[in-house]
Trainee: 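Can you keep this structure in mind? I'll have questions shortly.
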Amino acid sequence: MHYRLLGVCAAVLGAFSPLVAAQTECNRASIEAFADDYVAAHEAGSLSNLENIAENFTYLENNKTQEITAGIFTKALKIAHRHTIVDTVDCASFSELIVTQDAAGQPAPYVIGTQIRHNPADLSVYLIDLTVSTTGSWLFNSTRTLEYVLKEDWSPIDEAAWDTRAALRQAADAYLDMWSNGSAIDAVPWGTPCVRLEGSVYTGSGLPTDSCKVGIPTNNHQAPNSHRRYVTDLAYGAISVLCIFEHLANAPDSHEFRMENGRLRYIHTITLANSGFFAAELPGAEPAPPVPYRIRGDSSARLN
């Protein structure tokens, strides 16, 4: 394999927009197969099984370019949960991985969101773009995140009920615009029930009245959530957005949304900002009890 560091930084992440779309849809099975190999690389702590890498390949970890051999792949991890969506128009995938232990059974808490982008012509991989959170990240506790994720239903949606790419993009953008646009809240297609998993904090309790509006920002005059990169999968009603939370000191962020019948059903977030929420997940250590926390960028509002 040939890996080349392009020497770009988070300020130019917009340059990594999808390449010119293929005239026909990209092959879902091939994109899924590479995502499988990507997960296997995490499990093995080795890159030897990753093939069909483009000559202009770039590796981004937490919005910074680096050599892939120096990143998270140096650790062999036991993947406790894996969820993947595929964008056959932009030739990309997004995978959410939850890890509580390494391959040897030792504590290794991570929640990882990864977009992988392929050249439409030959499906070679030109970008692997990860948001890697661990102890100390916003509301982080991978054990609790795993517990909540396993309660959810992200099964495929019947084709007759698919939402459009435009509708998914509009929903994601409206939600992420709430920090900088006071009218964005009214443009979000809120569903009921809807549950947000923010780090390891869950806004739902299994009731039909569960809401994703809990703790949304009331200060709408903050710096924007910028440099958004999208992966959209109509079959799962899902859209992934990697971005920069400028109002949180340019924190790397991942949001994934699931829509059902035109309304938001699930929201998952990964944010690399220190919340001081939970103790480290170490052998024998008990996490600190949940406490009210400050909404990102809003010093007055709290989620209890």
Side-chain angles (χ1 to χ4, degrees), residues 1-19 31 34-79 82 84 90-99 102-103 108-119 123-138 140 142 199 225-231 240-246 248-256 269-274:
M1 292 181 295
H2 176 72
Y3 303 107
R4 186 159 64 94
L5 185 63
L6 297 185
V8 299
C9 65
V12 293
L13 282 171
F16 293 112
S17 57
L19 299 182
I31 295 174
F34 189 91
D36 291 344
D37 291 342
Y38 157 78
V39 174
H42 277 298
E43 293 174 326
S46 170
L47 300 165
S48 60
N49 66 324
L50 293 185
E51 299 179 350
N52 199 21
I53 303 297
E55 285 296 311
N56 63 339
F57 173 78
T58 299
Y59 177 75
L60 289 173
E61 188 170 307
N62 295 336
N63 289 345
K64 296 179 181 179
T65 57
Q66 63 181 65
E67 296 290 350
I68 192 172
T69 52
I72 187 66
F73 291 98
T74 60
K75 309 173 188 291
L77 303 173
K78 181 179 180 181
I79 308 300
R82 177 260 182 105
T84 296
D90 286 342
C91 300
S93 68
F94 170 78
S95 292
E96 172 190 75
L97 306 180
I98 301 175
V99 181
D102 65 17
Y110 294 98
V111 178
I112 303 169
T114 304
Q115 292 183 354
I116 300 174
R117 300 196 178 276
H118 301 252
N119 286 299
L123 293 185
S124 60
V125 172
Y126 68 89
L127 177 64
I128 297 180
D129 187 355
L130 295 81
T131 300
V132 181
S133 65
T134 189
T135 302
S137 298
W138 185 261
F140 183 88
S142 63
N225 302 321
S226 63
H227 299 88
R228 300 176 191 177
R229 294 94 75 195
Y230 306 87
V231 172
S240 154
V241 188
L242 301 186
C243 64
I244 296 175
F245 266 40
E246 291 187 17
L248 278 181
N250 293 328
D253 178 86
S254 169
H255 270 66
E256 185 182 16
T269 82
I270 305 169
T271 308
L272 271 69
N274 186 8

Trainee: Please examine the side chains of R229 and F94, heavy atoms only from C-beta on, and report whether any two atoms are closer than 4.5 Å.
Mentor: no

Trainee: Give, for atom CD1 of I68 and atom OG1 of T58, the distance between the pair rounded to the nearest 0.5 Å.
Mentor: 10.5 Å

Trainee: If you look at every heavy atom in I270 and S133, which pair is closest and at what distance?
Mentor: CG2-OG, 3.4 Å

Trainee: Mark yes or no for whether S124, through its side chain, and N119, through its backbone, hold a donor-acceptor pair below 3.5 Å.
Mentor: no

Trainee: Considering non-hydrogen atoms only, spot the tightest contact between S93 and T84 and give its length.
Mentor: CB-CG2, 4.4 Å

Trainee: How long is the span from the OG atom in S254 to the CD atom in E96, to the nearest 0.5 Å?
Mentor: 7.5 Å

Trainee: Might you point out which heavy atoms bring V241 and R228 nearest each other, and give the distance in Å?
Mentor: CG1-CB, 3.7 Å

Trainee: So which atom in I244 and which in N63 form the shortest heavy-atom distance, rounded to 0.1 Å?
Mentor: CG1-ND2, 3.2 Å

Trainee: Please identify each residue that fulfils ring-ring contact (aromatic ring centres under 6.0 Å, His included) with Y38, with sequence neighbours left out.
Mentor: H42, F73

Trainee: What is the minimum heavy-atom distance between V99 and S142, and which atoms define it?
Mentor: O-OG, 3.0 Å

Trainee: Would a 4.5 Å heavy-atom cut-off, applied to side chains only, mark T114 and I128 as touching?
Mentor: yes

Trainee: Counting only N and O atoms by type, is there a donor-acceptor contact under 3.5 Å from the side chain of T134 to the main-chain atoms of P109?
Mentor: yes

Trainee: Indicate yes or no: at least one non-hydrogen side-chain atom of V111 is less than 4.5 angstrom from one of F140.
Mentor: yes

Trainee: I want to check something: taking the side chain as every heavy atom from C-beta on, are E61 and I72 in contact at a cut-off of under 4.5 Å?
Mentor: yes

Trainee: Measuring only between side-chain heavy atoms, which start at C-beta, is Y59 closer than 4.5 Å to Q66?
Mentor: yes

Trainee: Check the pair D36 / R82 against salt bridge (charged side-chain N to carboxylate O under 4.0 Å, His left out), numbers first and verdict last.
Mentor: CA-CA 10 Å; D36 291 344; R82 177 260 182 105; 2.9 Å; yes

Trainee: Apply side chain to side chain contact (heavy atoms under 4.5 Å, CB included) to A40 and list each qualifying residue two or more places apart in sequence or on a separate chain.
Mentor: E43, N49

Trainee: Does the side chain of F34 reach to within under 4.5 Å of the side chain of N52, using non-hydrogen atoms?
Mentor: no

Trainee: About how many Å separate SG of C243 and CG of N250, when rounded to the nearest 0.5 Å?
Mentor: 11.0 Å

Trainee: Is there a side-chain contact between N225 and D253 (heavy atoms, below 4.5 Å)?
Mentor: no

Trainee: Taking S226's backbone N and O only, do any of them form a donor-acceptor pair with E246's side chain (distance below 3.5 Å, no angle check)?
Mentor: no

Trainee: Less than 4.5 Å apart, side chain to side chain, heavy atoms only: is that true for R117 and V231?
Mentor: yes

Trainee: Tell me the closest heavy-atom pair linking I31 and A92, and the distance in Å.
Mentor: CG2-O, 3.8 Å

Trainee: Can a donor-acceptor pair be found, under 3.5 Å and without considering hydrogens, that links the side chain of N62 to the backbone of V132?
Mentor: yes

